[in-house]
Amino acid sequence: MAYWLMKSEPKDVSVDDLAAMPEATVGWYGVRNYQARNFMRDLMRPRDGVLFYHSSCAEPGVVGLAEVVGAPYPDPTQFEAGNKYFDGKATPEVPRWYQVDVRLVRKTRLLSLAEIRQHPDLQDMRLLARGNRLSITPVTPAEWRVISALLAA
DNA sequence: GCCAACGTTGGC
DNA sequence: GCCAACGTTGGC
């Protein structure tokens, strides 16, 4: 069992959008960074815990608890000509980009980036590492426990 | 809109 | 394999 933080721009898919989807589940399309892809393709397992994070918005932070559903599979948008995520070097025979499905377990209060930054037990989060730009980062079990407690209903 | 930081591309 | 140029991320 592993834990992850996954960033989504709310103008693209917000936590409310996710809650409204069938089974509150979304295919995590559009990742075009190899390290983030490898996390999904090689390391994620069903039931892994996910912190759903809003980025590039007025109030960045964790806004929901989610989980990985099913096995990784090729991101369909890489094959769609005209799609912003189209990749001409990818083929269905040799896909380049993968995704997993993510299901919202429950929406939470906003745990803002500012609050994460000031929490003594969260200083080492990969999210906060200098220059980090990854849209998917690992979360340690200890960090998960701290955040779960902060978000307890 | 700015800009720091980092990843990717492609010529050599 | 090097590295300059360019593109992207994402907080502010």
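Only a predicted model underlies this, so the values are computations on that prediction, with no experimental measurement involved. Sequence lines set the chain letters: A, B, ... in the order given, protein chains first and strands last, and positions in each chain run from 1.
- Hydrophobic cluster membership of A:Y34, counting Ile, Leu, Val, Met, Phe, Trp and Tyr whose side-chain heavy atoms lie under 4.5 Å apart directly or via other members: A:W97.
- Within 4.0 Å (heavy atoms only), A:R32 reaches no atom of the nucleic acid at all.
- Applying the salt bridge (Lys or Arg N to Asp or Glu O under 4.0 Å) test to A:R109 and every residue at least two apart in sequence or in another chain returns A:E115.
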Go along nucleotides 7-12 of chain C 5' to 3' and tag each nucleotide: B for a protein heavy atom under 4.0 Å from its base, S when only backbone or sugar atoms are that close, - otherwise. BBBBSS

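- Every pair passing side-chain hydrogen bond (donor to acceptor under 3.5 Å, both in side chains) that includes a residue from residues 133-142 of chain A is listed here, sequence neighbours excluded: A:T140-A:E143.
- Mapping A:N33 and A:K89 onto DNA chain B by nearest heavy atom places A:N33 closer to the 5' end of the strand.
- Within the structure, side-chain hydrogen bond (donor to acceptor under 3.5 Å, both in side chains) pairs that include any residue of residues 45-69 of chain A comprise A:W4-A:D48, A:R47-A:E67, A:E67-A:R103 (at least two apart or interchain).
- Every residue two or more places apart in sequence or in another chain was checked for a side chain to side chain donor-acceptor pair (under 3.5 Å) with A:K7, and none qualifies.
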